[in-house]
There are 2 protein chains.
Amino acid sequence: MEENKKDVTIYDIAEELNISPSTVSRALNDHSSIGSKTKKAVKKLAEKWGYRPNSFAASLRTKRSNTFGIIVSWINRPFISSLISGIENTAREAGFHTIITQTQDYTESEITNVKTLYDNRISALIVSLAMETTDYSHFDSIRNSGIPIVFVDRIPPTLGIHKVQINNFSAAFEATEHLIEQGCKRIMYFGGARHQSIYEDRRLGYVAALKKHDLELDKSLMVQGNTLDAEEGYRIASEVLSRDSIPDGIFCANDTAAVSAIQCAKSMGILIPDQLKIIGFNDDPICTIIDPPLSSVHHPAVEMGEAAVRKALAMLENEIDPEAGSTVTLDTHIVVRKSTQSEKTLESDVSIADQSMG
Amino acid sequence: MEENKKDVTIYDIAEELNISPSTVSRALNDHSSIGSKTKKAVKKLAEKWGYRPNSFAASLRTKRSNTFGIIVSWINRPFISSLISGIENTAREAGFHTIITQTQDYTESEITNVKTLYDNRISALIVSLAMETTDYSHFDSIRNSGIPIVFVDRIPPTLGIHKVQINNFSAAFEATEHLIEQGCKRIMYFGGARHQSIYEDRRLGYVAALKKHDLELDKSLMVQGNTLDAEEGYRIASEVLSRDSIPDGIFCANDTAAVSAIQCAKSMGILIPDQLKIIGFNDDPICTIIDPPLSSVHHPAVEMGEAAVRKALAMLENEIDPEAGSTVTLDTHIVVRKSTQSEKTLESDVSIADQSMG
DNA sequence: TTGTACGCGTTATCAG
DNA sequence: CTGATAACGCGTACAA
């Protein structure tokens, strides 16, 4: 029962070595003006006694926590978990901790999470918005206190913010154009809530591609989901594919819905890609699992996390004007698989997704 | 540029209301011995001035951080991300933050993560071991300082620890027996590193099931992978399925490898489930995506995270003797899908996995 | 190169 | 019910 072993402090070390606590503090922090012998002695004893700095005392003093706060909708989604993985790795290498919170897509949770993260005096905040969120004033307290905020993926449409994103418009344009090039004439857009700019941008990219190729814009083929989960994907696909006249191509705003659409079409005897071509968004691991393999827009999740951290670090070092707003836009590309290949085209993608283990 | 707006403290409030800081502190914490009028006045002003407590000062004083530390291998794996999601939700409801770190399966990272989490004086630590880890002494510092540790899923084989687990032996036994009941005679075990007890237990469950049913134990059919990722799964499956005499059933220690085995078998023209039946482990979302759908052992990830937090909370409140060791074992069950159904059996599972969106 | 002295914002103890 | 005071452990201006 060694529970009450008190923590070793710099005072203990100072006393033992007959030097002052400040010298110990400086020695431990490799301050330039400390003799190498004392430095060595201090570090040796610290090591021996298992000294570990008290980060609260340090943070209280310096007002810096060296901690990043993260707010996301759900941790257990492929895109989000990879994003977080990228954030955590990059943050750790830079000497920062990562506090994680999820909103479950409720704005209310987002608001309380902002508050509790503020209480923890996080060094910076990285946010991907809750699906519900349309007002952004709950981030003001953070901004006003000079804490950098970086928005990722699901970002506010506001100006003057710092964000890491992809070009959703052009990605969607490219995906839709790909369907057109494969011979599709009646293309459905299966998207998410329009108040989230990423989905609206994808819709606009879709519309633009149709326009460029002089295809009719059929409003009945533009469908918005709320959650874009598997259940909803299946339900909506099944409604659309039961109509008298069905589309010959579908551009889905995520892979989950796209996979459900494939499953639904298969169950109805609709041949993919012959009768119906489908392309998704995100390039989740499931793309290579479904049969036929799903074409998709590759979304660089890990890299977006890294970029967000780098931007936050730059803001902390005043390399970026926090008031100005800045944008990092990462490249996407479409990954063509069988689900969109017309008869004449050859198979191109045979990669096996790296994925879960347990 | 309001960056330098100083945080409001209890002193500011005290001064304004002509009361003492301690009264403010008590009022804010709903201390029983404070008049309701002063309480109300304090809270009102705190609200008005946007007072937010400084958690460092409080933690420094109380030596409690109200923070859980998490150490896992990789955040972006289906099982792990769901585990974390369960932890974060439960912890947040109990008023705790969650600091997350990943080891990328390196013991060395595990060691440094333990140290930095200790520096942050976490209230409790929840760990799922790195694949590599076989020595556990780096957790001693945490234990010795009385911080509760709860191991989840990948746990040390040591006695006297607190852990949340499933019964890997019986789950594997059940899965293997299921294959036998479906008529399999030559069953392959495709497992992970044996020094990780979860994999060793699964192997032993497999062996026991064969034994019970008087099936020969063919050592050439017991294969251990290192990473159990998709690439390795495919490679090993392809080696085994190229032999003169191939198995008629495979029990995989995870779904990723199982899916790769299905893909490999299909590419070789081996019919599933007619010629080869496959069952996985975890019940990841991909199980319902692959064709044929993959039977698997359902692994309650979210619930394990919740249980781990509850156990940690109980230890913090001294409801559990930290020195004693305790175990929560959650139930698993096999989910039968097409990949293991002999001709006569009917399809049973048609659920659609709830999954990613973006 | 090292030591002294103070303050960061809270909470706990003790006294009233 | 409320106030004064000390202490938590560290970093840093200032002095030596």
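Residue numbers start from 1 in every chain, and the chains themselves are labelled A, B, ... in the order their sequence lines are given, proteins ahead of strands.
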Going 5' to 3' through nucleotides 10-16 of chain C and flagging B where a protein heavy-atom sits under 4.0 Å of the base, S where only the sugar-phosphate is that close, and - otherwise, we get BBBB---
Does the pair B/D7/A/K63 count as a salt bridge with the N-to-O cut at 4.0 Å?
no
To the nearest angstrom, the NZ-P distance between A/K40 and C/dT2 comes to 14 Å
Test: A/K39 and A/D30 ion pair at under 4.0 Å | yes
Item to check | Distance test, side-chain N/O of A/K63 to OP1/OP2 of C/dG9, below 4.0 Å | outcome: yes
Task: A/S20 versus A/S22, side-chain donor and acceptor atoms under 3.5 Å - done: yes
So what does B/I34 hit on the nucleic acid, given a heavy-atom distance under 4.0 Å: a base, only sugar-phosphate, or nothing?
-> sugar-phosphate
Note: chain B reaches DNA chain D at heavy-atom distances under 4.0 Å over the stretch, first to last nt, 5' to 3', of D/dC1 to D/dG9
ask   = Is the shortest distance from a Lys or Arg side-chain nitrogen in B/D105 or B/R77 to a carboxylate oxygen in the other one below 4.0 Å?
value = yes
| task | Answer with base, sugar-phosphate or nothing: what part of the nucleic acid does B/T38 contact at a heavy-atom distance below 4.0 Å? | result | sugar-phosphate
Sorted by chain and residue number, the side chain to side chain contact (heavy atoms under 4.5 Å, CB included) partners of B/R310 (sequence neighbours excluded) come out as B/E306, B/A307
In short, the helix from C/dT1-D/dA16 to C/dG16-D/dC1 is bent end to end, axes from five pairs each side, to 10°, by 30°
Rounded to whole Å, NZ of A/K39 lies from C1' of C/dT1 at a distance of 11 Å
Item checked: N/O donor-acceptor pair under 3.5 Å between B/N54 side chain and B/F56 backbone -> yes
Discussion item. Hydrogens and angles aside, do B/Q165 and B/T327 bring a side-chain donor and acceptor to less than 3.5 Å of each other?
Written reply: no
Assert: residue with more 5' nearest nucleotide on DNA chain D, out of B/S36 and A/S55, is B/S36
Heavy-atom neighbours of A/E47 CD exceed 12 at 6.0 Å: no
The complete set of side-chain hydrogen bond (donor to acceptor under 3.5 Å, both in side chains) pairs with one or both residues in residues 125-136 of chain B, sequence neighbours excluded, reads B/T107-B/E132, B/T107-B/T133, B/E110-B/T133, B/D135-B/S137
- Query: Can you find a heavy atom in the side chain of B/I149 that is under 4.5 Å from one in the side chain of B/I161?
  - Reply: no
Sorted by chain and residue number, the ring pair (Phe, Tyr, Trp, His ring centres under 6.0 Å) partners of A/F139 (sequence neighbours excluded) come out as A/F151
